[in-house]
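Note sheet for the following structure.
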Amino acid sequence: MDTIITNLTSPVVMAFVMGIMVKAIKSDLEFPQVLYKSISIYLLVAIGLKGGVELSKTPFSEFILPASATIFMGIITPIIAFVIIRYLGKVDLDNSAGVAAHYGSVSMVTFLASISYLQTEGLEPEGFMPTLLALLEIPGIIVALMIPLLQKSSNSSFGKAMHEVVTGGSIVLLLGGLIIGFIAGPVKFQSIEPFFVNGFQGALFLFLLELGMVTARRFRDLKKVGFFIVAFGILVPILHGFLAILIGFWSGLSLAGTVVFATMVSSASYIAAPAAVRIALPKASPTIYLTASLGITFPFNITIGIPLYYAISLWIGG
Amino acid sequence: MDTIITNLTSPVVMAFVMGIMVKAIKSDLEFPQVLYKSISIYLLVAIGLKGGVELSKTPFSEFILPASATIFMGIITPIIAFVIIRYLGKVDLDNSAGVAAHYGSVSMVTFLASISYLQTEGLEPEGFMPTLLALLEIPGIIVALMIPLLQKSSNSSFGKAMHEVVTGGSIVLLLGGLIIGFIAGPVKFQSIEPFFVNGFQGALFLFLLELGMVTARRFRDLKKVGFFIVAFGILVPILHGFLAILIGFWSGLSLAGTVVFATMVSSASYIAAPAAVRIALPKASPTIYLTASLGITFPFNITIGIPLYYAISLWIGG
Amino acid sequence: MDTIITNLTSPVVMAFVMGIMVKAIKSDLEFPQVLYKSISIYLLVAIGLKGGVELSKTPFSEFILPASATIFMGIITPIIAFVIIRYLGKVDLDNSAGVAAHYGSVSMVTFLASISYLQTEGLEPEGFMPTLLALLEIPGIIVALMIPLLQKSSNSSFGKAMHEVVTGGSIVLLLGGLIIGFIAGPVKFQSIEPFFVNGFQGALFLFLLELGMVTARRFRDLKKVGFFIVAFGILVPILHGFLAILIGFWSGLSLAGTVVFATMVSSASYIAAPAAVRIALPKASPTIYLTASLGITFPFNITIGIPLYYAISLWIGG
Amino acid sequence: MSLVELELVTIISERFLKDDILKMIEERGSKGHTITDVEGEGSRGIRASEWEGKNVKIETIVNKETANKIIDEISELYFENYAVIVYSKTVRVVRGDKYI
Amino acid sequence: MSLVELELVTIISERFLKDDILKMIEERGSKGHTITDVEGEGSRGIRASEWEGKNVKIETIVNKETANKIIDEISELYFENYAVIVYSKTVRVVRGDKYI
Amino acid sequence: MSLVELELVTIISERFLKDDILKMIEERGSKGHTITDVEGEGSRGIRASEWEGKNVKIETIVNKETANKIIDEISELYFENYAVIVYSKTVRVVRGDKYI
Ligand SMILES: Nc1ncnc2c1ncn2[C@@H]1O[C@H](COP(=O)(O)O)[C@@H](O)[C@H]1O
Ligand SMILES: Nc1ncnc2c1ncn2[C@@H]1O[C@H](COP(=O)(O)O)[C@@H](O)[C@H]1O
Ligand SMILES: Nc1ncnc2c1ncn2[C@@H]1O[C@H](COP(=O)(O)O)[C@@H](O)[C@H]1O
Ligand code: NA
Ligand code: NA
Ligand code: NA
């Protein structure tokens, strides 16, 4: 309970709540769409760069197990999500695969919120976590989009969707940043450090304010998607988070690293996955997958999920 | 005279003058509207946050008198402005009330310019000044919009205008920031401080550059509004500023706090008030109220008003 | 060779390469046009301000020779470029003058990249270099646009183009910043320094990422313009750079100052010149002048040119 | 594909009227709309503020009857006090039933 | 100046279809196009994501025959699965040969 | 409401011609206009620079005679050297007198 309050009073989480309130009181405040996109670009590049610089300092041996664990989770979480929604929820094939793609991938902002949270608790996760974020972004989407391929006849737009997944804006910025950070290393990074490090938390604050407003708009669709999806959007992240804690500790991550890992795995994508699903599975309804990922799982993780994964991690491995 | 030159050579004031010059030489330079809006959002949130953090450190007893003084000024200044423009200027009811709403509310940038100015003079106003800014933003508009209600039959759009006043973008950002800053307090604020504090003066610089260009466009309307409005736009701020200095000292504000208070009170809104007046008093002409507030009072205050209020404050209370 | 690698692994140059790659893999990443423009505005104002502050500390006697050298280069480089393209390349009059205007003016980003490069080499050029940048921006365009005037009958839009050159957005921001920085001086500049100095390299990073994407789009036109223009876009900068090194040392610039001077002189404009040429010489083809300046000379200078000018400067004057 | 003739009604107005107008046209029977940010100048000139942003252009494809209702409503409600114009033209649309 | 009557075909669609549609209309014979960022709502409501950005409106001036080909193609390829509408109207154009 | 038939003239051009064109149409009798930022491609392809920004679309509602004057003027002044197109269509407008 206490950890939840610590989390709820951190500036970035309050910004998110403020965004929701702004829409609740029907304010006419609008964030320019360009500002939203510009901050996204900044955050992705910044995460990539910092991750790359840290990676350049990490011995390969320390990194290989967590990396493998990440890819493993990227493969099994979309399958778990698919099985639950398809056979327990009796949702049709396309929508099930569409939702699975979202829960197999990852939400950058949830990832960042967990790092912020841990820092206020005085903990510092491994520096290479952003590399894991990049590793986790893609496989889950590919796995999920392959499921209907196996069950149906061929799908002409699968190839196009794969191109989108691999060359999508978010992954390109993250990976590009990682590579540049890795090559530049800590010394050459110094010149651009003030811009990408000092400003980071504040930019995240504004971003979460806007995301709160976006989320509030999704709330209107909650009744459309029904009770099952709501339950799904809360319980599946907890399940994925729990598995990730076990695997995280096993792979040698620190307590803080494990919490971030669990948060990442439990989170659902709302940038890379929607674009790919829209192409590969046009019949899957954005109302379902975006309401689940952005209207339920995202606010759940930001407010309650992160402290929960922290509590579980403390209990299991602390 | 000396203080005016100090003021005129401060970077933010020079940026404003530069903006005016840019238009005077008919340069084709254009600021993207989105940049203008993004910087506004940033400035409002930043002021709110800093004000909230400071408020969390202020004992209630120290704050109650200045707060009351602020609300008092918010009630009487629109009445003074209305009486002068309606009965001395013989302007019609709607336009009089529309202008009064602007002079009863406040201009964020004028407020900021006064703080910048005092800092170059080596003075630091009370930390809770942004709270007073938020308190002063609304009441004046409500009072001014109620005047035609009393004099005319009922107005169907008054309720809608009230909703706009209370949930308008600028007040929501300012108040939201205040509340978050207050709850977060100085320690939790640290993570987002570099973004919102270090970058502040520079962002204000760019904003004033753009405002200079906007103001220059208003200059074209000066001859349309006539001599009375021009005189009004200079003399009423001086009157309001003078009253505010008396009330400010009485309420226990420091010298610097009083100067900022006087600047705030004397300033005229150009974000919150125009939106509300457009809704409640559609027959009031934007050419009149925007030329007065943005074309006359704003440049007057930025260049001459602030050092003048400083000189008067020194003379009365120094 | 070594110096080229040092240059290629600096973050800003890698950002440029990343931008090219992003387009090469056909990613759908798009930078909002407003972000591009906002960063341009920021960079120009920042360069101006810093240059102005430095200029206020420079004795006039130290500055007069380099300033004269700059104007001299601004006059002869467009003539050299014109003669080569017109008589060697047998390109028509309008296109020759159009290209000459670009090579007589200057590219802000190339200028900045050379300063970044020198800083990683541990060298610091003279503080007044941005003033030279401003001085070099205009004369070359005027000289180039006057050539067709002398050869043809009168051109009605020459006056309009001159107005554009002198009041164009880039020159206004740069000069305005210079003047404000000069008047403010180092002490008053402090308040806005964090915004304009600390964030600078990072903003440049994002800008070069975007410029890489823009350049990649120009690559498609390389075959349209033919071999002569490609050779021109590489050899003329080397020639101009070489002349600039001789003149730079002669005018008393330091080693670092000379390298920046040579880079500036060798660079080709892609903001001020295109706008003016579009007005004065509408028959000149943007495909030719923009492909040459942005598709060839810019990437050449950023990657190989700068270390080359450094090597030559070391060899001649080190 | 069979094309149906319908009316494309275009409304250009100050930005702050956007939500009002959208609600109104929906009530009159519009099934969809497209919004564009535009700038403009007309007989009134000045707009309320930079902060509010530019004008908006609202386009909706409707049948003749709905078009007339919308045009009448706009004329009555907004013409006197606000910067707003409205016009309509006939367009050929596929899947005409979608819009009625 | 002699004016020629041609068709102005307007396509409004989700942003991510933009490149596809542009390629298609070019193949069908369009010599140029104009793109506007728009927002919209229709029978489907929700768009895929904020990141992707708004809808696009693609306008192209073509002759009657090309117009029909484009309209048919859009109806076949996209109507079932995506948020896209298309309509056309006749406009008077100078230098009509430029567009055919 | 009585609707009047007027001409909606649309001009699409490079951004830097905007002020010129606005001045010209005003001189020819236009009482207002609406401007939209657009992107486009035509027979010339390339635009002058990223810095300048996108193309603009200028729309003005005028009477037939003014429409013809504007179209002629555009054709004469800009067609040869600049990326600009112009077309016109008839629209039904309320309060037609406002535009003449
Ligand atoms: N003749 C016209 N042609 C095109 N658009 C117009 C015209 N007159 C007015 N407008 C648009 O309608 C808005 C409101 O016009 P007004 O009420 O006349 O100020 C303007 O800002 C323009 O965007
Ligand atoms: N009746 C309409 N009038 C104008 N635009 C429409 C209409 N219906 C749909 N649209 C536009 O077409 C897009 C796709 O529509 P839909 O497929 O119905 O969701 C919407 O986002 C709107 O921009
Ligand atoms: N066939 C067309 N349909 C629609 N817009 C066009 C067409 N051709 C040209 N345009 C627009 O007009 C601008 C100038 O065209 P151009 O002079 O052919 O390069 C282009 O950038 C487009 O925005
Ligand atoms: Na996940
Ligand atoms: Na006031
Ligand atoms: Na040059």
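Letters A, B, ... mirror the listed sequences (proteins, then strands); counts begin at 1. Fair warning: this is a prediction, and the values are worked out from it, not measured in the lab.
Contact detail for A/Pro32 and B/Ile41: the closest heavy-atom pair is CD-CD1, 3.9 Å. In terms of heavy-atom proximity, A/Lys26 sits nearest to B/His163 at O-CE1, 3.2 Å. Between A/Glu30 and B/Lys37 the shortest heavy-atom distance is O-CE, 3.7 Å. Looking at every heavy atom in both residues, B/Gly168 comes nearest to A/Ser27 through C-OG, 4.3 Å. Shown here for B/Gly169 and A/Asp28, the closest heavy-atom pair between the two residues is N-OD1, 3.5 Å.
Annotation: side chain of A/Leu29 is not in contact with side chain of B/Ser170 (no heavy-atom distance under 4.5 Å). Residues B/Leu173 and A/Leu209 have side chains in contact (heavy-atom distance under 4.5 Å, counting atoms from C-beta outward). A heavy-atom distance below 4.5 Å is found between the side chains of A/Met14 and B/Ile183. Between B/Val172 and A/Ile25, the closest side-chain pair of non-hydrogen atoms falls below 4.5 Å.
Other residues, nucleotides and ligands contribute only 12 or fewer heavy atoms inside 6.0 Å of the CE atom of A/Met21.
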**Asked** Would A/Phe200 and B/Phe195 satisfy ring-ring contact (aromatic ring centres under 6.0 Å, His included), going step by step from the backbone distance to the final call?
**Response** CA-CA 7 Å; A/Phe200 193 82; B/Phe195 184 78; over 10 Å; no
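Rounded to the nearest 0.5 Å, atoms CG (A/Asn198) and OG (B/Ser191) are 12.0 Å apart. The line from OH of B/Tyr42 to CZ of A/Phe205 is 12.0 Å long, rounded to the nearest 0.5 Å.
In this structure, chain A has no heavy atom under 4.5 Å from any part of B/Leu35. Of the two parts of B/Glu164, only the side chain, counted from C-beta on, holds a non-hydrogen atom closer than 4.5 Å to a non-hydrogen atom of chain A. Looking at A/Thr9, both its backbone and its side chain come within 4.5 Å of chain B, counting heavy atoms on both sides.
The most heavy-atom pairs under 4.5 Å with chain A, out of B/Leu49, B/Thr167, B/Val166, B/Val187, come from B/Thr167.
For B/Lys188 and A/Ser10, the side-chain atoms include no donor-acceptor pair closer than 3.5 Å.
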